[in-house]
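Reminder, nothing fancy here: chain letters follow the sequence lines and each chain counts from 1.
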Amino acid sequence: KAGVTQTPRYLIKTRGQQVTLSCSPISGHRSVSWYQQTPGQGLQFLFEYFSETQRNKGNFPGRFSGRQFSNSRSEMNVSTLELGDSALYLCASSLSARDRVSNEQFFGPGTRLTVL
Amino acid sequence: AQSVTQLGSHVSVSEGALVLLRCNYSSSVPPYLFWYVQYPNQGLQLLLKYTSAATLVKGINGFEAEFKKSETSFHLTKPSAHMSDAAEYFCAVSVRPGSASKIIFGSGTRLSIRP
């Protein structure tokens, strides 16, 4: 079974631009979560989607948004990029929202975003 | 609200030596606890998890962790370190399923192995 895939793996943008990152969960997984990882802040939860609905949202500004499609694939968008948005963005999938808490999440390799 | 603290941002051990990575948690309800490993330029991989069954949990790659409620700890150990264990390790805590709470990750411990 293929793992979680994220595209692109690397991205360089300039301040003020917007970016869209994509995540394809493991086949059959319906829950997708996004995290931002930086050296200073560690792993921070962005949001979670289940059956095309946002179930939880972390403490990030409205510039960060996401969505999930009927095939469970998910995208996250960051508008008006700032230097501080430079980070590794990780996507994780699990069978259901319930399993995300009690069971385990399967992480993709991440998209490394650099904002210049 | 739950939280997790990893003691030591960097741990260095010799090859063949005991690995001990410390994790303490705080939770108002019985927690679920996880250890994840992250190799360079990769995502996180689950090493092991505690979900209120056995307090001593065995994971992949020879790692194990013991849930100690009285100490609110979930330390990760491996009897003999291998060069391939060099990576960053994250402890995480969550609450029972059905809660809207999110999984909280520790700040991570970078493990280095000396030859």
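Within 6.0 Å of CZ in A/Arg73 there are more than 12 heavy atoms belonging to other residues, nucleotides or ligands.
Of residues 63-71 of chain A, not one residue has a non-hydrogen atom less than 4.5 Å from any non-hydrogen atom of chain B.
With a 4.5 angstrom heavy-atom cutoff, A/Tyr89 does not touch chain B via any of its atoms. Residue contact with chain B, scored on non-hydrogen atoms closer than 4.5 Å, is absent for A/Gln41. No part of B/Gln45 comes within reach of chain A, as not one of its non-hydrogen atoms sits under 4.5 angstrom from that chain.
Looking only at atom types and distance, the side chain of A/Arg30 has a donor-acceptor partner in the side chain of A/Ser51 under 3.5 Å away. Using a 3.5 Å distance cut-off with no hydrogens or angles, the side chains of A/Ser22 and A/Gln6 do not pair a donor with an acceptor. Using modelled atom types, one finds a donor on one side chain and an acceptor on the other under 3.5 Å when comparing B/Arg114 with B/Ser12.
Judged as a disulfide bond (SG atoms under 2.5 Å apart), the pairs with a partner in residues 19-59 of chain A (not counting sequence neighbours) are, in order, A/Cys23-A/Cys91.
The choice from A/Gly42, A/Gly110, A/Pro109 that makes the most heavy-atom pairs within less than 4.5 Å of chain B is A/Pro109.
Every residue two or more places apart in sequence or in another chain was checked for a side chain to side chain donor-acceptor pair (under 3.5 Å) with A/Ser86, and none qualifies.
Between B/Phe105 and B/Phe90, the two ring planes are perpendicular [angle over 60°; tilted spans 30° to 60°].
With a 4.5 Å cut-off between side-chain heavy atoms of Ile, Leu, Val, Met, Phe, Trp and Tyr, the cluster of B/Leu18 takes in none.
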